[in-house]
Amino acid sequence: MSALLTVDRLGVSFATPDGPLHAVDGISFSLERGAVLGLVGESGCGKSATASALCGLLPPGARTAGSARLSGQELTSLSEPGWRSIRGRRISMVFQDPMSSLNPLLSVGEHLVETLRTHQDLSRAAARTAAVEWLRRVGIPDPEARLASCPHELSGGMRQRVMIALALCPGPDLLVADEPTTALDVTIQAQILDLLASLRRELGMAMIFITHDLGVVERVADRIAVMYAGRIAEEGPAEMILAAPRHPYTRGLLDSVPGFRPRTGRLPSIPGTVPSPRDWPSGCRFHPRCPDADSTCRESAPDAPGSDGGAACFHPVGSP
Amino acid sequence: MNHALRRFESVLSANTPARVSFWVLVALYLAAIFAPWLAPYAGDDESRACSWAPPSTIHLRELDGSWHAPFVRAVSYSFDDDARRVWTEDSSCRFPIRFLVHGRLLGLDHPVVSPVVGRDAPTGRLYQQPGRPYEPAGRLYLLGADARGRDLFSRILYGSRVSLTIGVVGVAISTLIALVVGGIAGFAGGWVDGALMRLCEVVMLVPAFYLLMLLRAALPLDWDSRLVYFYIILILSFLGWAGLARILRGMIQSLRQSDFIAASRALGLSPWRNLWRHALPQTFGFLSVQATLSIPGYIVAESGLSLLGLGIQDPQTSWGNLLEESMSIAEIRLHPWSLLPGLFLFAAVLSWNLLGDALRDTFDPRSLS
């Protein structure tokens, strides 16, 4: 099966007065048609910059390096008009905060009708019917009545359902979900995850699911890529990564989730914070926080995971 | 939008000055619309015999003590030792105030006589038509008369049509320009933004009043007043948009960073659609406040121009050129009612300001409950 999305040494840098800031520094992965990749990492490790680069939503002044190809079409060199033929109908996106992602002045129906009519040649009435159908599919009760509701009249979970309907109605091949459940409370999180998972299966769509929550990624992802400081630390099938992490960072993340692995005593945490892109550490970027680091780690950078996964580490967990 | 209307209603009901202002403005604008019907006389209907006649005294009782419907008497003047007019009522006649006569709300009964006034040589009495003896003619001056005996109340009503609309139309035009320029500059960014903002700065640098005087001096003085009216609106609004455009550009720039704009970009909407449908409507609350608060400025600017004789010219009226007659203190002492157009101006400007404050409360997020 040919890959839907092939990302090869993708870099994202932002122009600053002190020179370029490399937020994403050469990441590679590929995504099969209909598969789900969980992109995991702490805040500031480059997850959202990756998502923005894949949707062409980087702010002006940001530059990309390397390549990202969607069914063979290069994305990094697209112009703004070129992106418009991609966004929505090929790659769509769900954002983190449903509170601010809907235009407060437009009703739910107006949002949906507008998006539907942007991508399909529909009459107003036909778009309205389709909008009701989409609201029903994302599990909004009494969809006809909800069409006239404004965003402020809906709960956070309802708004995220509307956002999902908006993102899916153009029929994209790939959905980029940037922390879609982070702003919701836990019970709603589970509902939204189940909804995303079932709709994704139904539509046969691929998804990149970005989160910092390993408990969430476990529910949806086929493969997991763990990002740290602008690079991929470890990549592989979800069950392998969760059951037997090879990279000390992945292990640290898993250990710090309560109830994920059997343990006794105090909940461990990874000391320190993600370094700023302004001064990435030399060698392996995780070495200042790594319990197993030695002089090799400080001096040279480990190889990135290959196409079949693996950990970018000189001393993977479980090795002698 | 319904939500905003409901909020505006509740702000008005809590804010008495704003509520009064609202109804004052409604009354003023209705009066402007129905001016030809409400005014007892046409704007240029003059009566030289009644030059500077004071407001008419409205009587209910005849000299013999009998009661009548409200009526006025004919008045005439002579001069005292200091050459001031002394007005006397002609008690031999009675002119009842009629409603719905000559197609107007109120007026006097007698036919409007073409006013040719002279003095009959043998008798030394005034006549109205050559060869005809003088007949006393009553005139209804609710707010007094001007130098040519024209009814000030009627002229204020006709003048309000200019003074009250110039602000609204002018603000509408300048807001539209500001929306287009500010919207494009804020959304496009880059050199487009730079060029448009420099243009704004150049426009803001122009001292508006002097430019207006210069332009008026350069244009023909015998222009029709309607043409002058449009020209004043155009000039005022072409000078007024720049500041607003700069603020809008800033608002659009920050809106462009907002999540829902990014979301609709990610859903494949075109930048134009994003600008018109998603970004600009977010500024309408601010715009309506801003527009309301800048209407008084336009009203005052037009009055200033007309006062200086650069705007609307006699016989057409605006509140500004009506005030032209009360520019010297001597005139004000002799006939203080010539200041009354200023009172209307004051009421309109104050009301618009208070209403603008109420609108600001409506859209102020801190006052949202």
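Labels below follow one simple rule: chain letters A, B, ... track the order of the sequence lines, proteins then strands, and each chain is numbered from 1.
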Student: I'd like to verify something: which residue of V94(A), L106(A), D97(A) has the highest number of heavy-atom pairs under 4.5 Å with chain B?
Tutor: L106(A)

Student: With only heavy atoms counted, which part of M163(A) is less than 4.5 Å from chain B, the side chain, the backbone, both or neither?
Tutor: side chain

Student: Less than 4.5 Å to any heavy atom of chain B: does that hold for the side chain of L102(A), its backbone, both, or neither?
Tutor: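 The backbone, not the side chain.
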
Student: Between C169(A), P172(A), P59(A), S100(A), which residue shows the highest count of heavy-atom pairs closer than 4.5 Å to chain B?
Tutor: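 Max contact count across the listed options: S100(A).
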
Student: So for I86(A), is it side chain, backbone, both, or neither that comes closer than 4.5 Å to the heavy atoms of chain B?
Tutor: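 When you check distances to chain B, no heavy atom of I86(A) falls under 4.5 Å.
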
Student: Out of E114(A), R84(A), H119(A), R89(A), return the one with the most heavy atom pairs under 4.5 angstrom to chain B.
Tutor: E114(A)

Student: Counting only non-hydrogen atoms closer than 4.5 Å, can you tell me which residues of residues 259-276 of chain B sit against chain A?
Tutor: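 Listed by number, the contacting residues are D259(B), F260(B), A262(B), A263(B), R265(B), A266(B), L267(B), G268(B), L269(B), S270(B), P271(B), R273(B).
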
Student: Can you confirm whether more than 12 heavy atoms, excluding those of R277(B), are under 6.0 Å from its CZ atom?
Tutor: yes

Student: Is D121(A) atom CG crowded by more than 12 heavy atoms from other residues, nucleotides or ligands, each under 6.0 Å away?
Tutor: no

Student: With a 4.5 angstrom heavy-atom cut-off, could you sort out which part of E80(A) is near chain B: side chain, backbone, both or neither?
Tutor: side chain

Student: Using a cut-off of under 4.5 Å on heavy-atom pairs, state which of M99(A), R87(A), M93(A) scores highest against chain B.
Tutor: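 Looking at each of M99(A), R87(A), M93(A) in turn, R87(A) comes out on top.
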
Student: Using non-hydrogen atoms only, which part of Q282(B) is less than 4.5 Å away from chain A: side chain, backbone, both, or neither?
Tutor: both

Student: Can you tell me which portion of T118(A) sits under 4.5 Å from chain B's heavy atoms? Options are side chain, backbone, both or neither.
Tutor: side chain

Student: Between S52(A), P104(A), S85(A), which has the largest tally of heavy atom pairs under 4.5 Å with chain B?
Tutor: P104(A)

